[in-house]
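To start, the structure under review is shown below, and the notes come after it.
Both backbone and side-chain heavy atoms feed into the values below; hydrogens, waters and symmetry mates do not.
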Amino acid sequence: MTTVAAALAAARAKLPANEARLLLGQVLQQAPAWLLAHDDESLDEDALLTFASFVARRAGGEPVAYLLGYREFFGRRFGVGPSVLIPRPETELLVELAIARVGADGTANILDLGTGSGCIAITLALELPLARLTAVDSSAEALRLASANSLSLGTAVRLAQSDWFSGLTGEKFELIVSNPPYVASGDSHLRSGDLRHEPSQALASGADGLDAIRQIVATAPRHLSAGGALLIEHAYDQAVAVGELLRAASFSEIRTYPDLAGILRVTGAVFAPKDEMPTNSR
Ligand code: GLN
């Protein structure tokens, strides 16, 4: 007969203790704290087999979030799977900046590009109850997950399949947010750790990682109302390049913000088209 304590002890050879507790908790549908108080509870054959398979998969590199089927973001639980990027704490900065821009009782019409699990759009819908949220993704699988998350968290986010702006012809928004893929395709991180198991279309974006951002920045002006803003998450070394792209696309008030780790992580700008000026006048 194997007890909770014995199963956790055996898993320690392959996994950190906290991961083993999370996975066993998932198998038994109990919180990790329950496990601490039930050390000598015995496990049935099914639970042991399921736990052994979780331990083997995690030891083989599969992300804990995919094995559990969820990840916390902004204090809420979002269902995740291999079709979507696992929500990351640094993306909470993007959400906080969007909330600050709109204001708690703002009525903005907001678009989230490449929504994945829906964590950004759904959080904004919950934090900004008067705002209207549209979230798009090119992946039908991702949209299914986002839709399930929207339902379980009780939001009315409008979801649509769209490759960036391709399905949004003629639509304008007051705020556009995005955590697009921005890792350079040659970056060795893509071939190590949890990133190996995440969808590459959510991570990698051309030789310098800026392909998606170039496309978004170039097209966003057609989909922003005058005075509307764009907020984009990017890599630690892309702030200058993203600022230049925004300037070239006639954005103003360009500002970059650091995440909690001090990394320049989000750049925002306002689209305020100027009246035509005669180019030769002095
Ligand atoms: N910040 C993520 C990472 O480097 C990348 C997320 C993204 O490409 N949007 O793991």
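One side chain, E233 or T91, offers a donor N or O that lies under 3.5 Å from an acceptor on the other. Looking at S42 and T3, their side chains never bring a donor and an acceptor atom within 3.5 Å of each other.
Within 6.0 Å of NE2 in H189 there are 12 or fewer heavy atoms belonging to other residues, nucleotides or ligands. With a 6.0 Å radius and a threshold of 12 heavy atoms from other residues, nucleotides or ligands, Q29 has its CD atom above the threshold. In the displayed structure, K14 atom NZ is contacted under 6.0 Å by at most 12 heavy atoms of other residues, nucleotides or ligands. For R222, the CZ atom sits in a loose shell: 12 or fewer heavy atoms of surrounding residues, nucleotides or ligands are nearer than 6.0 Å. The number of heavy atoms from other shown groups lying within 6.0 Å of CZ (R88) is above 12.
S178 places a side-chain N or O within 3.5 Å of a backbone atom of L113 that can act as its donor or acceptor partner. Remark: the backbone N or O of S162 is not paired with any side-chain donor or acceptor of S166 at under 3.5 angstrom. Judged purely by atom type and a 3.5 angstrom limit, Q30 has no side-chain atom pairing as donor or acceptor with the backbone of G25. Under a 3.5 Å cut-off, the side chain of R101 and the backbone N or O of L175 do not form any donor-acceptor pair. With hydrogens and angles ignored, the 3.5 Å screen pairs a side-chain donor or acceptor of Q161 with a backbone N or O of S138. At distances below 3.5 Å, not a single donor-acceptor pair connects side-chain atoms of E174 with backbone N or O atoms of G228. In terms of modelled atom types and a separation under 3.5 Å, the side chain of S150 and the main chain of T155 share a donor-acceptor contact.
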message: Please determine whether side-chain contact (heavy atoms from CB on, under 4.5 Å) holds for the pair V136 and L143, giving the CA-CA distance in whole Å, both sets of side-chain angles, and the decisive distance to 0.1 Å.
response: CA-CA 8 Å; V136 300; L143 288 170; 5.9 Å; no

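A salt bridge between D194 and R58 is present, with a side-chain N of the basic residue lying under 4.0 Å from a carboxylate O of the acidic one. Salt bridge absent: R247 and E244 never bring a charged side-chain N and a carboxylate O closer than 4.0 Å. A salt bridge is absent between D112 and R158: the closest approach of a Lys/Arg side-chain nitrogen to an acidic carboxylate oxygen does not fall below 4.0 angstrom. Between R76 and E127 a salt bridge is recorded (basic side-chain N to carboxylate O distance below 4.0 Å).
L93 and L126 fall within the same hydrophobic cluster, where Ile, Leu, Val, Met, Phe, Trp and Tyr residues are linked whenever their side-chain heavy atoms come under 4.5 Å apart, directly or through other members. Hydrophobic cluster membership differs between I99 and I176, with clusters built from Ile, Leu, Val, Met, Phe, Trp and Tyr side chains linked at under 4.5 angstrom. Side-chain heavy atoms closer than 4.5 Å link hydrophobic residues (I, L, V, M, F, W, Y) into clusters, and following such links, even through other members, never connects V95 to I86. Cluster annotation: L128 and L133 are assigned to the same hydrophobic cluster (Ile/Leu/Val/Met/Phe/Trp/Tyr, side-chain heavy-atom contacts under 4.5 Å, transitive). Linking Ile, Leu, Val, Met, Phe, Trp and Tyr whenever their side-chain heavy atoms come within less than 4.5 Å puts V266 and I120 in one cluster.
By the 4.5 Å heavy-atom criterion applied to side chains, Y66 and E198 are counted as neighbours. Side-chain atoms of V27 and F54, non-hydrogen and from C-beta on, do get closer than 4.5 Å to each other. Between P180 and W164 the shortest side-chain heavy-atom distance falls below 4.5 Å. For the pair T123 and F73, the minimum side-chain heavy-atom distance is below 4.5 Å. Considering only heavy atoms from C-beta on, L246 comes within 4.5 Å of T267 through its side chain.
Side-chain rings of H223 and F173 stay apart, their centers remaining 6.0 Å or farther from each other.
Going from atom OG of S225 over to atom CD of E171 covers 12.0 Å, rounded to the nearest 0.5 Å. Once rounded to the nearest 0.5 Å, the distance linking OH of Y182 with OG of S205 reads 11.5 Å. Between the CG atom of D39 and the CG atom of L8 there is a distance of 8.0 Å, given to the nearest 0.5 Å.
A cation-pi arrangement is found for R77 relative to Y70, the charged atom lying closer than 6.0 Å to the ring centre and inside a 45° cone about the ring normal.
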